[in-house]
**Student:** 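Have a look at this one.
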Amino acid sequence: GDSVTQMEGPVTLSEEAFLTINCTYTATGYPSLFWYVQYPGEGLQLLLKATKADDKGSNKGFEATYRKETTSFHLEKGSVQVSDSAVYFCALTTTGGFKTIFGAGTRLFVKA
Amino acid sequence: SQTIHQWPATLVQPVGSPLSLECTVEGTSNPNLYWYRQAAGRGLQLLFYSVGIGQISSEVPQNLSASRPQDRQFILSSKKLLLSDSGFYLCASVQGSHGQYFGPGTRLTVL
């Protein structure tokens, strides 16, 4: 079945470091891919998305490229801030947009 | 854009007591609605989803149930809570490929 695998955390970085959180997926058809962010005690917020191969989603300095050949959607940010500390979820929505499959989440800690 | 409301924000209930969590959606009509549970430090577990009034699909057999009495209202219930029902409950709405909108969540502690 469809699935999402993302790197286990926690990931601890110093402020202004480069961030990569790996995400790979398995899906039939042509899913849409998403990154969500969850700040402590809150619900999830959509961070960025890509709906077809080679699309690049970007928001708030984060970006991810839909790579069909490697079935990946890695999240990157060139310079992280303390305020980026949160849990990040990679997800896919199956063709038809009915269900969303979430990865297990990666917790990011950014130290000042 | 859509807004998801959930209440209560926090709840502490004894084992064996009933449960009712409510979710309402603004800014859209006929959305697909979802209930997720997130255990401490864990990912999201899909519990129920609904594509319309009165239409509920269960993903995980357990002592919870869901109902959708109105287009933009989604209710999660239990007749008798278990310790294992503790967690962070999230309601979400989605339309098409725009991603999911999540509510602020309800933190349930069963003692």
Side-chain angles (χ1 to χ4, degrees), chain A residues 1-10 21 23 27 29-53 55 57-59 62 64 66 73 86-109, chain B residues 1-11 21 23-25 27-28 30-52 55-60 74 87-109:
Chain A
D2 298 339
S3 66
V4 175
T5 302
Q6 58 182 108
M7 63 189 288
E8 288 191 24
I21 300 178
C23 171
Y30 302 95
S32 295
L33 301 176
F34 305 86
W35 277 101
Y36 290 85
V37 59
Q38 184 180 31
Y39 298 102
E42 299 183 8
L44 278 68
Q45 302 173 28
L46 179 63
L47 181 59
L48 54 83
K49 68 176 182 180
T51 57
K52 61 183 187 298
D55 269 2
S58 61
N59 186 26
F62 291 90
Y66 190 146
F73 193 54
V87 180
Y88 292 83
F89 292 90
C90 184
L92 68 84
T93 299
T94 54
T95 305
F98 199 67
K99 278 194 204 178
T100 298
I101 309 297
F102 288 87
T106 301
R107 185 174 295 277
L108 170 66
F109 291 107
Chain B
S1 66
Q2 300 182 33
T3 303
I4 313 291
H5 300 281
Q6 284 187 247
W7 64 91
T10 59
L11 192 59
L21 301 182
C23 168
T24 57
V25 182
T28 187
N30 196 31
N32 291 342
L33 296 176
Y34 303 79
W35 277 112
Y36 293 92
R37 179 170 59 203
Q38 186 177 29
R42 306 288 294 277
L44 295 171
Q45 178 186 33
L46 178 62
L47 302 175
F48 300 94
Y49 64 91
S50 171
V51 299
Q55 302 179 62
I56 308 295
S57 296
S58 174
E59 287 293 296
V60 182
F74 203 25
F88 192 46
Y89 288 81
L90 290 161
C91 178
S93 166
V94 65
Q95 279 192 314
S97 63
H98 300 293
Q100 295 202 345
Y101 293 89
F102 283 83
T106 294
R107 185 162 303 283
L108 171 66
T109 302

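The chains referred to below are lettered A, B, ... by the order of the sequence lines, with proteins before strands, and numbering in each begins at 1. Any value given below was found using the heavy atoms of this structure, including those in side chains, with hydrogens, waters and symmetry copies removed.
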**Student:** For Y39(A), I'd like to know if atom OH has over 12 heavy atoms of other residues, nucleotides or ligands within 6.0 Å.
**Tutor:**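 Buried by this count: over 12 neighbours within 6.0 Å.
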
**Student:** Please indicate whether E8(A) has more than 12 foreign heavy atoms, meaning atoms of other residues, nucleotides or ligands, lying under 6.0 Å from its CD.
**Tutor:**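 12 or below, so no.
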
**Student:** First locate atom CZ of F102(B), then atom OH of Y36(A), and finally report the distance between them rounded to the nearest 0.5 Å.
**Tutor:**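 Reported value, rounded in 0.5 Å steps: 5.5 Å.
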
**Student:** With chain B, which of T100(A), V87(A), L46(A) has the greatest number of heavy-atom pairs at distances under 4.5 Å?
**Tutor:**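 Top option by heavy-atom pairs under 4.5 Å: T100(A).
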
**Student:** For residues Q38(A) and F88(B), report the shortest heavy-atom separation together with the two atoms involved.
**Tutor:**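 Looking at all heavy atoms of both residues, the closest pair is NE2-CE2, 3.7 Å.
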
**Student:** Any side-chain heavy atom of L44(B) within less than 4.5 Å of one from L44(A)?
**Tutor:**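 Heavy-atom side-chain distance check passes, below 4.5 Å.
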
**Student:** Examine whether an atom of Q38(B) lies under 4.5 Å from a heavy atom of chain A, and if so say whether it belongs to the side chain, the backbone or both; otherwise answer neither.
**Tutor:**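 When you check distances to chain A, only side chain atoms of Q38(B) fall under 4.5 Å.
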
**Student:** Give, for atom CD1 of I101(A) and atom CG of L46(B), the distance between the pair rounded to the nearest 0.5 Å.
**Tutor:**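 Going from the CD1 atom of I101(A) to the CG atom of L46(B) covers 8.0 Å.
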
